Amino acid sequence: MSNLQILGAPQSPLVWAVRMTAAEKGIDVDLLPMRPHTPEIQAIQPFGKIPAMRHGDIELSESCAIARYIDGLDSRVKLMPAALVDAARVEQWIMHFHTEYLPLMLGRYIVQYFFPANGVPDRKAIEATLAPMEKATAILERQLDGRDYLLGDFSQADIFFAPLLHYLSALPEGGRIVAAAPRVAAYVARLSARAAFKATFPPPLPGREAAA
Ligand SMILES: N[C@@H](CCC(=O)N[C@@H](CS)C(=O)NCC(=O)O)C(=O)O
């Protein structure tokens, strides 16, 4: 079968997460950089969102489905535990990521710096994210008590958090929130030190090269 292709902008935390999934498993991926809503994305993901994936004649969208497919391609490194309850706990944290952390930290906060609606970050919108982000970070801090990774062993849940927490930590308020949570700060450092994270580290967003 031909190489796995991931379609999407490499700076997207979800494109990064599925590429990191493949890198953790030692699976080669061809990245086809493209923005959301291009005809190629739209043909695979009816809502036009990235990432999308092609593998031979198999096409997939949704980062969780893509990550699950990639994990199943090779059983030498497993990113989902075999035991039913352990796999369900990883799934639970992946859902927390998609339903709580991503909409808050990316959709409401990081977006203010990277894609400000009026050309400059909206201070009121940023201020409104601070208390919920502190609360969400405190939940991570509790979960990491006695654990190096969210469920103890490194898993797919950690891969989803890696790019998002990297972006969060690099911004002023997000950086302060992470620095005030020592277990989360150490977790971000641990994730950022992984070879698969470094190997898939994206270039700066076009137009933001000076900020990188
Ligand atoms: N549930 C989708 C969400 C994908 C998603 O929201 N991707 C963002 C980039 S991180 C996107 O394409 N945004 C463009 C848009 O919402 O129009 C997944 O997990 O793949």
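Atoms within each ligand, like the ligands themselves, are counted from 1 in listed order. Remember, it's a predicted structure, so these values are computed and weren't measured experimentally.
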Going by the order shown, which atoms of ligand 1 are within less than 4.0 Å of some heavy atom of [X]?
| X | answer |
| --- | --- |
| S12 | 9 (C), 10 (S) |
| S63 | 18 (C), 19 (O), 20 (O) |
| H98 | 19 (O) |
| P36 | 12 (O), 14 (C) |

Is there a donor-acceptor contact under 3.5 Å from the side chain of E141 to the main chain of R183?
->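 Yes.
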Step-by-step side chain to side chain contact (heavy atoms under 4.5 Å, CB included) determination, L191 to Y149 | CA-CA 9 Å; L191 292 171; Y149 294 104; 3.8 Å; yes
Looking only at distance, does [X] have an N or O less than 3.5 Å from an N or O of ligand 1?
| X | answer |
| --- | --- |
| I50 | yes |
| E62 | yes |
| H37 | yes |

Could you state the interatomic distance from CD (Q156) to CG (D71), rounded to the nearest 0.5 Å?
->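 The distance works out to 6.5 Å.
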To the nearest 0.5 Å, atom CD of E173 lies from atom OH of Y109 at 3.5 Å
Which option, Q11, K49, M53, Q45, owns the non-hydrogen atom nearest atom 11 (C) of ligand 1?
-> K49
Should the pair W93 and Y101 be assigned to parallel (<30°), tilted (30 to 60°) or perpendicular (>60°) ring geometry?
-> tilted
Examine ligand 1 and decide if any of its atoms is less than 4.0 Å from a heavy atom belonging to P51.
-> yes
Would you call R176-E134 a salt bridge at under 4.0 Å N-O?
->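 Result for this pair is no, no salt bridge flagged.
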